[in-house]
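Okay, so here's the structure we're looking at.
Note that the numbering runs from 1 along the sequence shown for the chain.
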Amino acid sequence: MKTATTIEKQIELLHSRGMEFPNEKKAKEILLDIGYYRLGFYWFPYEKTYPAKNNRNHKFKENVSFDNVITLYYFDHDLRNIIAPYLYRIEVNFRTFLTYTVSNRYKNDPTWFADSRIVNSEFVDYLPGSYKTIRKNDAIKHHHAKYINDIYAPAWKTLEYMTFGDVLYLYSSLKDPTLKETIALHYNIKNVEVFESYMGALRVIRNLCAHGHNIYDLKLQKRIRKGPIAELEGNRLHNLTGGLLVLTYILNSISTNRVQDLRYKLNLLVSQPQISNIEDVIKELKEFIKGG
């Protein structure tokens, strides 16, 4: 098992592998601030054996500077901060539209999400465990204090506190295929499986952003299904460029102004002079963003 090392030893190791340090004092401050392990996700593309994760020798390519790594780190940080609010906008919109549409279809069943006639039994069986967390919220506590015989609060309350993943699980569990099609069509997607794939990809990116994970080199484990987005093919079926295509497509059905805002902010990000130092790493992403 590896043991902890000092900042000085970390720099010594990186230097022995070929990394240059224009300002070693500043590098020490950054390593102590951000951490060796976290920064490893950002110097990985500069290794000679990249993108291979097995049999890595950890040697760096020629003329790799610690400054390149830090530029990439802050680019990724800014990229997450830019797209996160738009992912949240989609999440809220989907949660709201799902709740509104299904609740109005089953007006006499305010807890339709727990009804095995409406959703499949797997979700109904899963719900009690999930609801234990939901019930910790003050608004839900207040509901049960007032309506002591209710097992669940109504959909318009309960779904507000479900995770994005659980809301997507609930959607996929709806038994009425026409209802699922109606919701997907609201986002200009005819095929339910394509819609679920798009939303699933956005959920993954949303979670990565929320937890501060690197996204510039995103590799989705489950590739995005082909659908109405013509540019979605090849590597874009599982990388961040594909995710941004999905994001802008779904967002466009909610607000064209927000799509314009997003593109403007992304263009500003990749137009910064220092980004030229990491162009090789983000080449496709930059070309996509600049191309609109």
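Side-chain atoms of N239 do not come within 3.5 Å of backbone N or O of L218 as any donor-acceptor pair. A distance-only check finds a donor-acceptor pair linking the side chain of N68 to the backbone of S65 [under 3.5 Å]. The closest donor-acceptor contact from the side chain of K190 to the backbone of G227 lies at 3.5 Å or more, if one exists at all. Between the side chain of Y161 and the backbone N or O of R135 there is no donor-acceptor pair closer than 3.5 Å. Looking only at distances, no side-chain donor or acceptor of E160 sits under 3.5 Å from a matching main-chain atom of K157. At distances below 3.5 Å, at least one donor-acceptor pair connects side-chain atoms of N191 with backbone N or O atoms of V194. Within the 3.5 Å criterion, the main-chain N or O of Y169 finds a donor-acceptor partner in the side chain of S172. Of the possible donor and acceptor atoms, none in the side chain of R56 sits under 3.5 Å from a partner among the backbone N and O of T49. In this structure a side-chain-to-backbone donor-acceptor pair under 3.5 Å is missing from T111 to P154.
Using a 30° and 60° split on the angle between ring planes, F21 and H15 fall in the tilted class, from 30° to 60°. Between F97 and Y187, the ring planes lie perpendicular to each other; the angle is over 60°, past the 30° to 60° tilted range. Note on ring orientation: taking the six-membered ring where Trp is involved, the planes of F123 and Y126 are tilted (angle from 30° to 60°). The aromatic rings of Y147 and H143 sit tilted relative to each other, their planes meeting at an angle between 30° and 60°.
With a 4.5 Å cut-off on side-chain heavy atoms, I30 and V69 do not count as touching. Side-chain contact check for N214 versus L208: every heavy-atom pair is 4.5 Å or farther apart. Contact check for L232 versus Y198: side-chain heavy atoms found under the 4.5 Å cut-off.
In plain terms, the two heavy atoms of R95 and M162 that are nearest each other are NH1-O, 2.6 Å. In plain terms, the two heavy atoms of S253 and N188 that are nearest each other are CB-ND2, 3.5 Å. Of all the heavy atoms in R89 and R258, the pair that sits closest is NH1-CG, 3.3 Å. For the pair P22 and D67, the tightest heavy-atom approach, listed with the atom from each and the gap, is CG-OD2, 3.5 Å.
Of the options N252, V259, I205, L202, a side chain to side chain contact (heavy atoms under 4.5 Å, CB included) to L247 is made by L202 and by none of the others. Of the options D176, L127, V124, a side chain to side chain contact (heavy atoms under 4.5 Å, CB included) to V119 is made by V124 and by none of the others.
Within 6.0 Å of atom NE2 in H142, 12 or fewer heavy atoms from other residues, nucleotides or ligands are found, so the atom counts as exposed in its surroundings. Heavy atoms from other residues, nucleotides or ligands lying under 6.0 Å from CG of L185 number more than 12. Counting heavy-atom neighbours within 6.0 Å of K9 NZ, excluding the residue itself, gives a total of 12 or less. In the displayed structure, K26 atom NZ is contacted under 6.0 Å by at most 12 heavy atoms of other residues, nucleotides or ligands.
Each of F44 and L220 belongs to its own hydrophobic cluster when Ile, Leu, Val, Met, Phe, Trp and Tyr are linked at side-chain heavy-atom distances under 4.5 angstrom. I254 and Y264 are members of different hydrophobic clusters when ILVMFWY side chains are connected at heavy-atom separations under 4.5 Å. Linking ILVMFWY side-chain heavy atoms closer than 4.5 Å, directly or via other members, places Y100 and L98 in two distinct hydrophobic clusters. Under a hydrophobic-cluster definition in which Ile, Leu, Val, Met, Phe, Trp and Tyr are linked whenever side-chain heavy atoms come within less than 4.5 Å, directly or via other members, Y50 and L240 are assigned to different clusters. Put simply, Y131 and I148 are part of two different groups of oily side chains (I, L, V, M, F, W, Y) that touch within less than 4.5 Å, one to the next.
Salt-bridge annotation for R236 and E284: present, with a side-chain N of the basic residue lying under 4.0 Å from a carboxylate O of the acidic one. Ion pairing between a basic and an acidic side chain is recognised when a charged N comes within 4.0 Å of a carboxylate O; E196 and R225 show no such pairing.
Between F66 atom CZ and N23 atom CG the span is 10.0 Å, to the nearest 0.5 Å. With rounding to the nearest 0.5 Å, the separation of NZ in K286 from CG in N267 is 10.5 Å. I34 CD1 to E29 CD: the interatomic distance, rounded to the nearest 0.5 Å, is 11.5 Å. Taking CZ from F75 and CG from L269, the interatomic distance works out to 4.5 Å, rounded to the nearest 0.5 Å. Q10 contributes atom CD, which lies 9.0 Å from atom CD of E8 (distance to the nearest 0.5 angstrom). For the atom pair SG of C209 and CD1 of I83, the computed distance is 4.0 Å after rounding to the nearest 0.5 Å.
Looking at D76 and Y42, their side chains do bring a donor and an acceptor atom within 3.5 Å of each other. For the 3.5 Å distance criterion, the side chains of K59 and Y46 fail to qualify, holding no donor opposite an acceptor. With no hydrogens or angles considered, a side-chain donor-acceptor pair links D166 and S130 at under 3.5 Å.
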Before giving the answer on side-chain hydrogen bond (donor to acceptor under 3.5 Å, both in side chains), spell out for K290 and S271 the whole-Å C-alpha distance, their side-chain angles and the decisive distance to 0.1 Å. CA-CA 8 Å; K290 293 293 286 185; S271 297; 3.0 Å; yes

Residues W112, S103; criterion side-chain hydrogen bond (donor to acceptor under 3.5 Å, both in side chains); working and verdict: CA-CA 7 Å; W112 52 263; S103 295; 3.0 Å; yes

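The aromatic ring centroids of F41 and Y73 lie 6.0 Å or more from each other.
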